[in-house]
Amino acid sequence: QVQLVESGGGLVQPGGSLRLSCAASGRIFSINAMGWYRQAPGKQRELVATITSGGTTNYADSVKGRFTISRDNAKNTVYLQMNSLKPEDTAVYYCNAVVRVVAGPYDVNYWGQGTQVTVSS
């Protein structure tokens, strides 16, 4: 009923920048929040940043001051601007959305397929 499609990942040098996008589509009634999570090999998935439909943001300490999350509610799209990238940022980045579908009884978490971000010289 809902699909999340991420884009914008790739290979970048330390200190460089990338901008990730995630667009939600389907029978969406409302989206309470969207966010980005990441998972590096051998590690647990961790929160990167979240944003509510009202614009309230939350960031992991490791990315504060470097990453900025934003959204376009009219397009059901969330963005992650990543600046001053470090090798430690290398991971698969997953988009998440808390969605109420049309005629749905409750909110459901949806996940994108993930996009690879590699920071290396």
Study note, to complete from the structure: Ser53 and Ile31 have their tightest heavy-atom pair at CB-O, 3.5 Å

Point to revise | Atom pair CG/OG1 of Asn32 and Thr50 - distance to nearest 0.5 Å | key: 12.0 Å

Revision key, fill the gap. Here the gap from Tyr110 atom OH to Ile28 atom CD1, rounded to the nearest 0.5 Å, amounts to 9.0 Å

**Study point:** SG on Cys22 to CG on Leu80, rounded to 0.5 Å
**Key:** 10.5 Å

Point to revise | Partners meeting ring pair (Phe, Tyr, Trp, His ring centres under 6.0 Å) with Tyr37 (sequence neighbours left out) | key: Trp111

Revision key, fill the gap. Residue set satisfying side-chain contact (heavy atoms from CB on, under 4.5 Å) with Val12, at least two apart, ordered chain then number -> Leu18, Leu85, Val119

Review point. So do the side chains of Pro87 and Ser120 get within less than 4.5 Å of each other, counting heavy atoms only?
Key: no

Review point. Can you list every pair that meets side chain to side chain donor-acceptor pair (under 3.5 Å) and has a residue in residues 68-81, with sequence neighbours left out?
Key: Gln81-Asn83

Point to revise | Pair listing, salt bridge (Lys or Arg N to Asp or Glu O under 4.0 Å) test, anchored in residues 21-43, at least two apart | key: Arg38-Glu46, Arg38-Asp89

Exercise for review: Please name all residues satisfying salt bridge (charged side-chain N to carboxylate O under 4.0 Å, His left out) with Glu88, sequence neighbours left out, ordered by chain then number.
Suggested key: none

Check your understanding: Once you round to the nearest 0.5 Å, how far does CG of Asn96 lie from CH2 of Trp36?
Key -> 10.5 Å

Review point. Side chain to side chain donor-acceptor pair (under 3.5 Å): which pairs involve residues 6-16, sequence neighbours left out?
Key: Glu6-Gln113

